[in-house]
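Comments concern the structure below.
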Amino acid sequence: MKGNVIIKNASQLVTCSGFQAKQGGDMSELHIINDGAVVIEKGVITAVGKSGEVLEKFTETEFDTIDATGKAVLPGFIDSHTHFVFGGYRAEEFSWRLGGEDYMEIMKRGGGIVATVNATREASREELIVSGRKRLDSMLSFGVTTIEGKSGYGLDEKTEIKQLEAMVELDKHHPVDIVRTFLGAHAVPENFKNREEKFIDYMVDNVMPQVVDRNLAEFCDVFCEKEVFSVEQSRRLLTKAKEFGFKLKIHADEIFQLGGTELAAELGAISADHLLHASDKGIAELADEGVVATLLPGTAFSLKESYAKGRNIVDQGCAVALATDFNPGSCHTESIPLIFVLATLYTGLTIEEAVTSLTINGAAAIDRADKVGSVDVGKFGDLIILEFPSYKFIPYHIGVSCVEKVIKNGIIVFDKANKSCYQN
Ligand code: NIG
Ligand code: FE
């Protein structure tokens with residue numbers, strides 16, 4: 001029967017057990033079962049434990065069986081912050097930055113996000129689906145089973161909706177699950193230059209109601225940044241979004257310390273993301289309010305910025321998630337092993353904390369900790385099998401994926417030996 005599988009003899013079954021975000025010291029606890037087994041029935045996990053004990057209770061012949069001797073098994077990774085639906089590329093911009101040009105300066109002269117907005121407006125929904133699918137395939141190969149995806153390269157009604165619709169379509173046909181975020185306030189378009197308030201009115205009055213009516217997004221996000229949207233403007237937009245029923249996210253204190261972190265705590269956002277320049281006070285408030293602090297070290301790496309202070313953020317009691325921030329400009333990578341190694345070497349997370357950040361805490365950052373992010377009975381059967389016996393190989397094999405198989409809802413959807421093994 002499809003979706004019925006037993007994985008047995010795993011040298012390490014790293015369960016990351018839990019149904020909510022893990023804060024501070026709790027992030028170190030991975031709940032590992034040596035010689036572990038997992039049973040998945042009709043796509044849902046029904047038993048977890050030592051191989052001997054689990055196998056006694058089930059008839060193996062009724063299942064597909066995977067022998068994971070010598071391999072570590074973990075929950076599928078959750079990439080809780082991506083901008084993966086867009087038109088065009090910005091390879092030129094990368095070389096401009098190498099030549100010393102500044103990310104925000106490039107954006108101000110009509111490059112950066114604005115360039116991707118132009119290309120995305122020109123792309124058809126079909127084109128966005130085709131390129132989006134390739135990117136999802138790549139993410140899947142790194143062991144990612146659920147992502148968050150943002151709009152934000154339209155900045156107008158038609159294109160924002162086109163991006164979100166492309167994600168709806170991709171979600172239906174691709175094994176990677178997609179949680180959608182409306183990021184209409186990602187930049188100020190040319191026709192609203194110096195009229196940011198009017199642009200927010202336009203988003204709130206014209207675009208948000210449609211996104212809600214058509215159930216196109218669960219979260220609302222904003223780029224709260226110097227010379228983009230102020231704290232006051234972000235507060236106004238997000239407060240309206242909350243009234244509309246959106247859950248909140250915020251790009252906070254990425255390039256300048258503006259106070260987006262404090263705003264996330266004030267509004268009860270689900271996550272505050274980036275935090276390169278977050279204040280200690282802001283971090284303490286995130287911890288108090290249970291807002292997930294999402295770190296995106298690939299972006300600091302790619303922009304040659306200083307990294308978020310991951311060690312300090314965990315020590316202050318926050319729940320930390322890690323994500324790629326995959327996008328065409330500031331961080332063009334879907335590589336989980338790259339993010340993982342940067343997080344451990346440069347933000348100060350331990351390997352155990354990084355695993356938690358990409359699993360149960362990633363799930364919490366998209367409000368899915370009750371369904372995914374750990375190997376617990378009742379959760380979706382989303383697992384990865386590594387080529388090696390320990391999770392410690394993830395950062396050790398620098399930037400290279402050691403994911404051998406990916407299982408989504410109890411079905412093998414990626415196998416290194418046979419790359420494309422899911423049916424559209
Ligand atoms: O998270 N900071 C704003 N948005 C993205 C970058 C998007 C882009 O450069 O296209 C980010 O870094
Ligand atoms: Fe982002």
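Because the structure is a prediction, the values reported are computed rather than measured. As the structure lists them, so they are numbered: ligands from 1, and atoms in each ligand from 1.
The closest approach between any non-hydrogen atom of His186 and ligand 1 is below 4.0 Å. Under a 4.0 angstrom heavy-atom cut-off, Glu225 registers as lying outside contact with ligand 1.
With 2.8 Å as the limit, Asp325 counts as an N, O or S neighbour of the Fe ion (ligand 2). Inclusion of His274 in the first shell of the Fe ion (ligand 2) is not supported: no N, O or S atom falls under 2.8 Å. Inclusion of Cys331 in the first shell of the Fe ion (ligand 2) is not supported: no N, O or S atom falls under 2.8 Å.
Residue Tyr103 has at least one nitrogen or oxygen atom sitting less than 3.5 Å from a nitrogen or oxygen atom of ligand 1, judged on distance alone. For ligand 1, none of its N or O atoms has an N or O atom of Thr116 under 3.5 Å away.
Atoms of ligand 1 lying under 4.0 Å from any heavy atom of Arg90, numbered from 1 in the order shown and given with element: 8 (C), 9 (O), 10 (O). Close approach of ligand 1 to Tyr153 is summarised as follows: ligand atoms under 4.0 Å from at least one heavy atom of the residue are 7 (C), 8 (C), 10 (O). Close contacts between ligand 1 and Glu254 involve ligand atoms 2 (N), 3 (C), 12 (O) [criterion: under 4.0 Å to a heavy atom]. Against a heavy-atom cut-off of under 4.0 Å, His81 is close to the following atoms of ligand 1: 1 (O). Each of the following atoms of ligand 1 lies closer than 4.0 Å to a heavy atom of Asp325: 1 (O), 11 (C), 12 (O).
Under the 6.0 Å distance and 45° angle rule, Lys379 counts as a cation-pi partner of Phe19.
A donor-acceptor contact shorter than 3.5 Å links the side chain of Glu29 to the backbone of His31.
Aromatic ring centroids of Tyr202 and Phe192 lie under 6.0 Å apart.
Angle NE2 (His83) to the Fe ion (ligand 2) to NE2 (His81): 100°, rounded to 10°.
Side-chain contact of Ser279 with Glu262: a donor-acceptor pair under 3.5 Å is present, judged by distance alone. There is no side-chain donor-acceptor pair under 3.5 Å between Asp221 and Thr181. Between the side chains of Glu352 and Tyr391, at least one donor-acceptor pair of N or O atoms lies under 3.5 Å.
Taken from CE in Met139 to OG in Ser335, the straight-line distance is 11.5 Å, to the nearest 0.5 Å.
More than 12 heavy atoms of other residues, nucleotides or ligands lie within 6.0 Å of OH in Tyr307, so this atom counts as buried by the packing criterion. The neighbour count for Glu190 CD, taken as heavy atoms of other residues, nucleotides or ligands under 6.0 Å away, does not exceed 12.
At the shortest separation from atom 12 (O) of ligand 1 among protein heavy atoms lies Ser330 OG, 2.7 Å.
The ring pair (Phe, Tyr, Trp, His ring centres under 6.0 Å) test with His332 is passed by exactly one of Phe84, Tyr89, Phe301: Tyr89.
Taking the N/O/S atoms of His251 in turn, the shortest distance to the Fe ion (ligand 2) belongs to NE2.
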